[in-house]
Amino acid sequence: MWGSNAREAHPIFFHHALAGVRNGAKMIAVDPRRSQTAKFADLWMGLNVGTDIALANGVGKYILDNNLQNDEFIAHSTQNIDEYRESIEEWTLARTSEVTGLPEYAIAELAETYATAESAQICWTLGITEHHTGAENVMALCNLSLLTGHVGRYGSGLVPVRGQNNVQGGGDMGALPNKLTGFQDVANDEIRAKFEAAWDCTIPATPGKHLTLMFEAMEKGELTTVFCIGENPADSEADINHARALLTGLDMLVVQDIFLTRTAELADVVLPASAGWAEAEGTVTNSERRVQRVRKALDPPGDAKDDLEIINMIAERMQPGWGNPSPEEMWDELRTVSPMHTGMSWERLEDEGGLQWPCPTLDHPGTLYLHGWLWEDDLGGREPAPFTVNVWRPHVDELNDDYPLLMTTGRVLDSYNTGVQSDGYNSPIRSGEALDMSPTDAERLGLATGDRAEVSSRRATIEMSIRVQPDLPEGLCFTTYHFADTTDTNQLTIEAWDKKSGTAEFKATAINVKPLVAA
Amino acid sequence: MPEIAVTAATATDEERNAVADSVLLQNPGQISFEAAGPALTFDGDRVARGGQERIFNRRHLLLPVLHDVRDAIGWLSEGAINEISTTLQVPPAEVYGVASFYELFTFEAPSAPDALHVCDDTACRIKGANELKGELSADGHNVHGSPCLGLCEQAPAVFVQRTGEAHVSVRSATKESVEAALGGAMTNPVAPVPQSSEDLTLLRRVHDAAAVDYDGYVATGGYEALAKAVAMSPAEVVTHVGNAGLTGRGGAAFPTGFKWSAVAGEPGPRHLVINADESEPGTFKDRVIMEHDPYSLIEAMTIGGYAMGAEQGWIYIRGEYPEATRQLKSAIAEARSKGMLGDNVGGHNFRFDIELRLGAGAYICGEETALLNSIEGYRGEPRNKPPFPTTHGLFGQPTAINNVETMVNVNQIMLLGGDEYAAIGTEKSTGTKLFCLSGHVANPGVYEVTYGATLREVIDLAGGATGNLKSILMGGAAGSFISTDMLDVPLTIEDSRENGFSLGSGVVMLLNDTVDYDDFVARIAQFFREESCGQCVPCRVGTVRQGESLLRIREKGAPIETERKMLDDFAMVMKDSSICGLGHTASGAILSAIDLGLIGGQP
Amino acid sequence: MTFVDIPVEIRSKVTVSVDGEAVEVLEGDTILDACTKAGKITPTVCYGPTVTPVNACRVCVVELEGARTLVPSCSRPAEEGMVVKTDTERVTNNRKMVLEFLATSSDVSQSEEIQGWLGEYGADLDRYDPATTERMTDEVKIEDDLYIRAYDRCVLCYKCVEACGEDAQWTFAIAMSGRGFNNRISTEFDVTLPDSACVYCGNCVAVCPTNALQFKTEFDLRKMGDWRPEDQTVTRTVCSYCGVGCNLDLHVQDNSIVKVDSPMDHSITSGNLCVKGRFGYQYVQNRPAE
Ligand SMILES: Cc1cc2nc3c(=O)[nH]c(=O)nc-3n(C[C@H](O)[C@H](O)[C@H](O)COP(=O)(O)O)c2cc1C
Ligand code: SF4
Ligand code: SF4
Ligand code: SF4
Ligand code: FES
Ligand code: FES
């Protein structure tokens, strides 16, 4: 478990991991915090925030130096090993230990355990991706799986666990700047031609903008109108004050949501939507690429309408005759253009309780794991998987005497993102937002659980409660962003983001904490 | 077991030290497990080592740690439970669940540090136990009623559970002797064996005070049996035990040879576990062996370990046997220092060591699979069988479980040879047998007779009944009442079975016509109600319902016919559908008492 | 290339005779599976498809040739050549007695199944004099807005303990405590759930056979006499929170969700959820007061 607090963020996924532990699997947790997940581990390694590439490279070097790699697999199924080997030359145990703050024996143990296991998985979540080097962090982990052949086999692999119920589905449907439905590349002429024929329109060949670029475009005045569906950037973006100013400055902001969110409050037009999972029909796709049906159990309140219906209504205004196709009709249309969904008829989704893509034909059972082709004797003309070179760079928000503590963020079990959904029920285990800090730091600052403090970053200052948390190492603080109404954590976070994925660096903010004397 | 989330209560320094010392000091003689210490360790604030394997490997420390904390502090506070929880990484709800299973642990600060457990069970009840209990309570002592303490021959008996000091048992107790024990007086037990040494085989050393020490033991022929055993192959030793026709003396009379060869045939690691929980009311023979001839048990176990290739031996002794515990503890330590336990026993090229574990007041832990769960640090709930311990025993590994008396017979078998041994007794019941005589008898105590002696002969050995003998409780609470018509039945496995009773653990409790049978039988019902582990419905509820039925007969004059019908139904479901022997036998004594007209009027 | 693929489990077949009929099941299946296959309806209380059998209730007992006592069908593996009888008087009488014991010690009125079996097996509860028959008399524990614990309805089947422990949740907030008739499901020192390690996944609620553990919504509606299962719909959908894709069965009465569970036979959840999936639905029905 690398940078993943699945115990709290993905509890039912973690049940499966625990079933493995019950059957004798070993678990190593790499996480700056000794999270609830790490508490189940045989070994917890609390690395310095943002040193994942250093650790991964160090592990890679140890594997190669000790000849623990899978040579057969490397020769047959991968490329660029030499470049990779060279690029990690500097990552001796000593250097890795110095950068990550971990003892050498632990790094060696991680490498040996992973490399010598019969099967092994690396699971991660936002602890890996919410960094300015997010994509490279992932690639560095992929290298380890290529070194050892722990990929493309039953029981082995790379497991990014998805944070929201349908992020996977959103991407699958083409809600990515550079992809069409079914992960098909927008730059590919043939593919575009197929879609253009099916949809009877022209599709621009250049990719669109992801969220972070959109904000940049707003800043430059290139983006003046936004139609925002089911997203609450006015609470969820890093460096939130800046984001709010940009949203306010738009010519036109349309928000379609089930709540009057903070973003909706800024909007010119609000389109009330029904809750997709309980008030409408459709599908969602989970972390394991499983497409499943959602169904309507409740009538939505007032005039709220199904998202699809709203979009259909807008489309009808734009192009009369569009009509109001049902979710099933739309699904069937999707199956004609997205090969990986073609085999998933509506009936099959109903009868089989979900199917994992790719599922190209009606008699295809769906696919349990990907990249199995790497193990085939004939790679079928595909390029072998490339090792990548990933250079470690420290997190952007530097620590100094003015901002000596590092704050990282994450989820807790009973709450969710900005809290608009999870605030709706009365959780007996909710203790509210606080800044968790190590006993050593708390003692130095003269703070105890329950005390109030002024927390400032280079961007803002807010007031927070303190919670002393023995699971944190010295120098590290932790908080969530579930309670925007009471504590606006994202005012503090940095807007630095990963050029490849567009993900912001929520995981590393330099802060200063000043005790507030009770009035 | 991971998120050890404990309540806000914290341990006192004293409690914290008790836990830490206990965890560090455990298991000097452990072969099969890694060194002790907390289940979770830190290296600075960046590395933690924990996980399931470490937790599993320490779970068996739970009961010893609970004992140590209770003995140091006097009770188990919430803070202490939390400290144990975090140290062993066992969730607090489970620690509490395990601790609250046992009678000897309490969860509220006691009125006085030392607890008095006064036996008010069968034999003590007819020797003034209730009166003694009343006197002690009236004096403001911290008094608990107790089931049989295995001292029935010296009734009434009291177990003094002290705090920060050694526990003691008080025999033939009076208010004065109990108070002396509270002040530190120790018991120096004399073997309650009226027969003379010449008439004894298994018990031949009990009158020799020197034999409790290693040199004394060796001087009286100790370790000769082991020498004979190691001169043979392990398989030959097992064959001798089989040929001897040795059957279990713990109650079920199962052939020991079968058990041993089954375990020897399973892949290791294997365990040998000695059942010294002796809690069947009226039973005290194992205690006598352990108090007066502890090495004979250690030697026999060593032979068993050699024969079955079991490197780890365990003795599970009931927590209310402080004197026997002390004898065993020092004998094990001495045997170890003489090289007779450890990596190379006596230079014979095999490993064997013994771990002593204490029960904490639960009759059910004498049931062999409950005993295993108890050692492993779980509630002493019996397991469903199959699978049997011979394949899935302690920690899921092949395990032979034998009673103390059964085990010491192994020495005899080695000395004589299996066939010679088999010639003693009858064809189906071989060897000698220990009987525990108590109640209305002239000379209560343990008697060793060759299988085949009649009940009358055994009673005569003990000087006969006192008063007008009316019935005999055979086999204890789990056995049955028989009438004086049975006096000439030979006490063998086959003859007792033919006559509708069982020898069980060898209890022969004589009851004359002064006994208040209603009260006596009600106490047996209460025993089962309190000692049922409560796991299975037939026994958990059945033991309560039969007590209620007796109450209706006795206090409400309910018609015996309707109650008898209900009691029969209760008995049926307990016998047929319970998980373990406790439920199976919980109705026997009660129904036999009705059949004999001892309660509920003439049948 | 050499690699390990999905392990194919090879289980041989065993034939068991159930009431004279030969039934074929797979190795590792239980006698209960064989009985079910033979079309016998076997009462079960402590058995559940998602929890390790503790075989404690003994209501599922059958006669097995060669065994001295009856055996619990739910946990006894089927073996080649076993001869099982379920339709004998001995089996019927034993089941009847177990049911009488359950119903005279706990309030099983909210378990339709147990109510049905009581009738079917001819349990005679009237012969137990209430004045001398001890029952579980625990008061209901209401400690939060999510679920209640009414241990006077508890039959001590251990299922909640298993679900909270290694069979699913690994929180171990509750355990069996005490001994014999004083056995109780309890947190340490019986502290309240919010003070315990409980994380409110409600996986214990999902497996409870007697409603001893119950959604607060159901508890309140029943108290008001307004719990109307006949007016409820059950709709399967997917949880709106994280990306695991847990299936939910929403029980809806009067356009309000009144209870949530997850299908026991779904490979993602095996009936288990987290606090958000089970109790976090409220936001769709926090409607403005009318
Ligand atoms: C409720 C119950 C209590 C028991 N108590 C004891 C006991 O205290 N000592 C004992 O040796 N066997 C006891 N047994 C029998 C054991 O389960 C087991 O049969 C015995 O230890 C096996 O050893 P053996 O074959 O040498 O007799 C008890 C059985 C039951 C059902
Ligand atoms: S028969 Fe009684 S003692 Fe044995 S398992 Fe059942 S409840 Fe426990
Ligand atoms: S709600 Fe979950 S954590 Fe709480 S007691 Fe039930 S199973 Fe355990
Ligand atoms: S609360 Fe329910 S699930 Fe738990 S033991 Fe009682 S009846 Fe069984
Ligand atoms: S010691 Fe009191 S009855 Fe046995
Ligand atoms: S259902 Fe089989 S014992 Fe309970």
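- Highest contact tally toward chain B, considering only C:Val61, C:Thr133, C:Val191, C:Val71, is held by C:Thr133 [criterion: heavy-atom pairs under 4.5 Å].
- For the pair C:Asn94 (side chain) and C:Arg90 (backbone), a donor-acceptor distance under 3.5 Å is present.
- For B:Ala99, no part sits under 4.5 Å from any heavy atom of chain C, backbone or side chain.
- In this structure, chain B has heavy atoms under 4.5 Å from both the backbone and the side chain of C:Leu156.
- Of the two parts of C:Val98, the backbone and the side chain both hold a non-hydrogen atom closer than 4.5 Å to a non-hydrogen atom of chain B.
- Here the side chains of B:Pro147 and B:Tyr363 are not in contact, with every heavy-atom distance at 4.5 Å or above.
- Contacts of C:Pro72 with chain B are made by side-chain atoms alone, with heavy-atom separations under 4.5 Å and no backbone atom involved.
- The ring-ring contact (aromatic ring centres under 6.0 Å, His included) check on C:Tyr47 picks up nothing, with sequence neighbours excluded.
- Of the two parts of B:Tyr102, only the backbone, made up of N, CA, C and O, holds a non-hydrogen atom closer than 4.5 Å to a non-hydrogen atom of chain C.
- Contacts between B:Leu582 and chain C at a heavy-atom distance below 4.5 Å are absent for every atom of the residue.
- Looking at B:Ile579, both its backbone and its side chain come within 4.5 Å of chain C, counting heavy atoms on both sides.
- Comparing B:Asp576, B:Thr562, B:Asn82 by how many heavy-atom pairs each has under 4.5 Å with chain C, the most go to B:Asp576.
- Contact of B:Ser578 with chain C is made through the backbone alone, with heavy-atom distances under 4.5 Å.
- Looking at C:Asn55, the atoms closer than 4.5 Å to chain B (heavy atoms on both sides) sit in the backbone and in the side chain alike.
- Contact of C:Thr187 with chain B is made through the backbone alone, with heavy-atom distances under 4.5 Å.
- Residues satisfying the salt bridge (Lys or Arg N to Asp or Glu O under 4.0 Å) criterion with B:Glu320, sequence neighbours excluded, are B:Arg318.
- If you measure heavy-atom distances from B:Arg540 to chain C, the contacts under 4.5 Å come from both the backbone and the side chain.
- Looking at C:Val161, neither its backbone nor its side chain comes within 4.5 Å of chain B, counting heavy atoms on both sides.
- Ring geometry for B:His144 against B:His117 counts as parallel: the plane angle stays under 30°, on a 0 to 90° scale with 60° as the upper cut.
- With hydrogens and angles left out, the side-chain atoms of B:Thr369 and B:Glu367 include a donor and acceptor closer than 3.5 Å.
- In this structure, chain B has heavy atoms under 4.5 Å from both the backbone and the side chain of C:Thr104.
- Proximity to chain B is limited to the side chain of C:Arg76, based on heavy atoms less than 4.5 angstrom apart.
- Within the 4.5 angstrom heavy-atom criterion, only side-chain atoms of B:Glu381, from C-beta onward, approach chain C.
- Looking at C:Ala131, only its side chain comes within 4.5 Å of chain B, counting heavy atoms on both sides.
- At a heavy-atom cut-off of under 4.5 Å, chain B is reached by C:Arg127, C:Tyr128 from residues 114-128 of chain C, listed in order of number.
- Residues of residues 77-88 of chain C lying within less than 4.5 angstrom of chain B, judged on heavy atoms, are absent.
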